[in-house]
Amino acid sequence: MPILSWLSRDDDIKAAASVPYRLLEAVPEHDGGGSDDRSENLLIQGDNLHALKALLPYYAGRVKCIFIDPPYNTRQDFAHYDDNLEHTQWLEMMYPRLELLRALLAADGSIWAIIDDDEGHYLKVIMDEIFGRRNFVANVVWQKKYSPQNDAKWLSDSHDHILVFAKNKNIWRPHPLPRTEEMDKRYKNPDGDPRGKWKPSGLDVRTYTAQYDYPIKTPSGRIVHPPAGRCWGVPKERLQEMIADNRIYFGKSGNNVPAVKKFLSEVKQGVTSMTIWPYKEVGHNQDAKKEIKAFNADDVFTTPKPEKLIQRVLQLATNEGDWVLDSFLGSGTTAAVAHKMGRRWIGIEMGDHAVTHCIPRLNAVIAGEQGGISKAVDWQGGGGFGFYQLGAEVFTAAGKINPDIAFPTLAAHVWFCETGAPWSGTAQGAFLGAHDGSGYALLYNGVLGDRRVNGGNVLTHQTLSAIRQAARAFSGQLVIYAAANRFGEDFLKRENIVFKQTPYEIEVR
């Protein structure tokens, strides 16, 4: 497969692996809503490269839908972010972030990246490499402007691209969109059929079959034939059954060419999405700016997206309760829409507007604001979120475990490095759980009540007995992380134990 080459590529494709794991520190004074939901939804302020790495031990493979609105690199300086990166710098910025986003995406999840023509085609190539070209779903064209830009030097730019990739296209399927009132208005019931409203559909088809080319006598006595080169869509016998079932309509006078009655009650109760999304369906740029003026009229974000656009994405890609992630949160639209639609969400924003724009907007959502899609989804308010900032690195520059790291944090890191899966957050003493036939335990920070360096953090008969007791329902290989080990190799082999010394054998995945 062809790949994109740029000056710093060799370093950039390794960048995600070299990003240190950092803590996420709660900032309770910025939390929103009631305490019941704060642990579910996360608003994170900080560099999204580090924030995404920090999320891996807890959310790898769990996010159902990722929507990102990265800088378009239009060579402009906007008030809230720098959109004037050199092309290589833009690629350097995007590549490792996309790698981490892929790791967070669920096996049946999808990522939607909105971009314009400045970098859109380059983004497609690096996403082909990271997500696999075979997993490319579509390029959705969003009509972002409702009128021509008459001062355009060349052509009036009226659309953006939304590049859609699945984690695994073989298993990912979009949901149908709900039917609109306009669609249903096409159905009438002129003959009072007890099965309800219907609309006529032509009986003739293009694919010609001689036995389906026969004359039909209408109730008025007129003989009709299919148009030249076409034939009827059903054989004679089936036609008679449909007439008997009142599924063929010949018009009020019984003299029209026959039509098949398509009943509203029998049609697919959803619509397959097309790849062109007009502004009349999903909003435009000015709609988006009006929405955010409602909570910050003095400092309107430069390039917001309308709530109806994000709603369309989440309708296609998620169910209620699914995790939604936006690592370029901007003014908070994705989080606001996900919240109103009953999805769990993670939003990451580096700048001050995580506080000045996102928090006020999300607090307004929780309070029940009625802008955007609120009326369409019957939003009445509720829920909450926790606010976090990036904290210390898990390991010091010398490779030691940061002394401020608590047991659950290191446990989540160890579990993720061993299994590639997020940790449940529940341990039985030092026993973290089992995965694919192996059990994992961590002796650290006096988890068994003994904080002596040569006591509770060392693998001894006493600590092993406590681990075995906690893992009594498990009988496979046991991987134990500890500061030291008091057993010989023969004992470990006989007991089916793999010992790994902390911090030296804690890997960075």
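Computed over heavy atoms, backbone and side chain alike; hydrogens, waters and symmetry mates excluded.
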Report yes or no: is the cationic atom of Arg312 (NZ for Lys, CZ for Arg) under 6.0 Å from the centre of the six-membered ring of Trp277, at an angle within 45° of the ring normal?
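Geometry flag: set, cation within 6.0 Å and 45°.
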
Test the Lys145-Tyr279 pair against the cation-pi criterion, namely NZ or CZ under 6.0 angstrom from the six-membered ring centroid and within 45° of the ring axis.
no

Roughly how far, to the nearest 0.5 Å, is [atom2] of [Y] from [atom1] of [X]?
X      : Y      : atom1 : atom2 : answer
Leu325 : Asp322 : CG    : CG    : 13.0 Å
Ile44  : Ile348 : CD1   : CD1   : 4.5 Å
Ile346 : Leu24  : CD1   : CG    : 9.5 Å
His121 : Asn139 : NE2   : CG    : 7.5 Å
Asp47  : Met350 : CG    : CE    : 6.0 Å
Leu105 : Leu98  : CG    : CG    : 11.5 Å

Side-chain H-bond candidate by donor/acceptor type, [X] with [Y], under 3.5 Å:
X      : Y      : answer
Gln389 : Gln45  : yes
Trp112 : Ser110 : yes
Asp116 : His159 : no
Arg344 : Asn41  : no
Glu418 : Tyr481 : yes
Trp6   : Asp12  : yes
Tyr95  : Glu129 : yes

Verify side-chain contact (heavy atoms from CB on, under 4.5 Å) between Ile162 and Asp160, making sure each step is shown before the conclusion.
CA-CA 7 Å; Ile162 305 178; Asp160 281 348; 5.8 Å; no

Salt bridge check, [Y] against [X]: does any charged N sit closer than 4.0 Å to a carboxylate O?
X      : Y      : result
Arg97  : Glu92  : no
Lys144 : Asp157 : yes
Lys14  : Asp10  : no
Asp108 : Lys167 : no

Aromatic ring proximity, centroids under 6.0 angstrom, [Y] and [X]:
X      : Y      : value
Phe416 : Trp423 : no
His161 : Trp142 : no
His435 : Tyr440 : no

Measure the shortest side-chain to side-chain distance between [X] and [Y] over non-hydrogen atoms and say whether it is less than 4.5 angstrom.
X      : Y      : value
Leu492 : Asn485 : yes
Thr334 : Ile68  : no
Lys305 : Ile114 : yes
Ile3   : Val125 : no
Met94  : Leu123 : yes
Asn457 : Thr502 : no
Cys65  : Val313 : yes
Pro20  : Val394 : no

Any chance CE of Met274 has more than 12 other-residue heavy atoms, nucleotides or ligands included, within less than 6.0 Å?
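Incorrect, the count does not exceed 12.
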
Please check if the number of heavy atoms outside Leu155 that lie under 6.0 Å from its CG is greater than 12.
no

Going by the side chain to side chain contact (heavy atoms under 4.5 Å, CB included) test, name the single residue among Val63, Ile130, Ile111 that passes it with Leu101.
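Of the listed options, the one satisfying the test is Ile111.
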
So, applying side chain to side chain contact (heavy atoms under 4.5 Å, CB included) with Arg361, which one of Thr333, Ile366, Thr356 is it?
Thr333

Does Ile405 offer a backbone N or O that forms a donor-acceptor pair with the side chain of Thr409 under 3.5 Å?
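Absent.
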
Hey, does the side chain of Arg9 reach the backbone of Leu4 with a donor-acceptor pair shorter than 3.5 angstrom?
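A pair under 3.5 Å: yes.
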
For Gln315 and Met341, what are the C-alpha separation, side-chain angles and deciding distance, and is it a side-chain contact (heavy atoms from CB on, under 4.5 Å)?
CA-CA 9 Å; Gln315 284 174 330; Met341 294 179 68; 4.0 Å; yes

I'd like to know whether Glu182 forms a salt bridge (charged side-chain N to carboxylate O under 4.0 Å, His left out) with Lys280, so could you lay out the CA-CA distance, the side-chain angles of the two residues, the decisive distance to 0.1 Å, and finally the verdict.
CA-CA 13 Å; Glu182 183 178 352; Lys280 290 183 179 179; over 6 Å; no

Assess whether side-chain contact (heavy atoms from CB on, under 4.5 Å) is satisfied between Glu393 and Tyr21, documenting all intermediate values.
CA-CA 6 Å; Glu393 296 180 6; Tyr21 286 93; over 6 Å; no

Which is it for His357 and Asp352 under the side chain to side chain donor-acceptor pair (under 3.5 Å) test, yes or no, and what are the steps along the way?
CA-CA 8 Å; His357 288 69; Asp352 290 340; over 6 Å; no

Among Trp345, Tyr59, Tyr58, which residue meets the ring-ring contact (aromatic ring centres under 6.0 Å, His included) test with Trp323?
Tyr59

Applying side-chain contact (heavy atoms from CB on, under 4.5 Å) to Tyr444 and Val414, what does each step give before you reach the verdict?
CA-CA 11 Å; Tyr444 171 73; Val414 165; over 6 Å; no

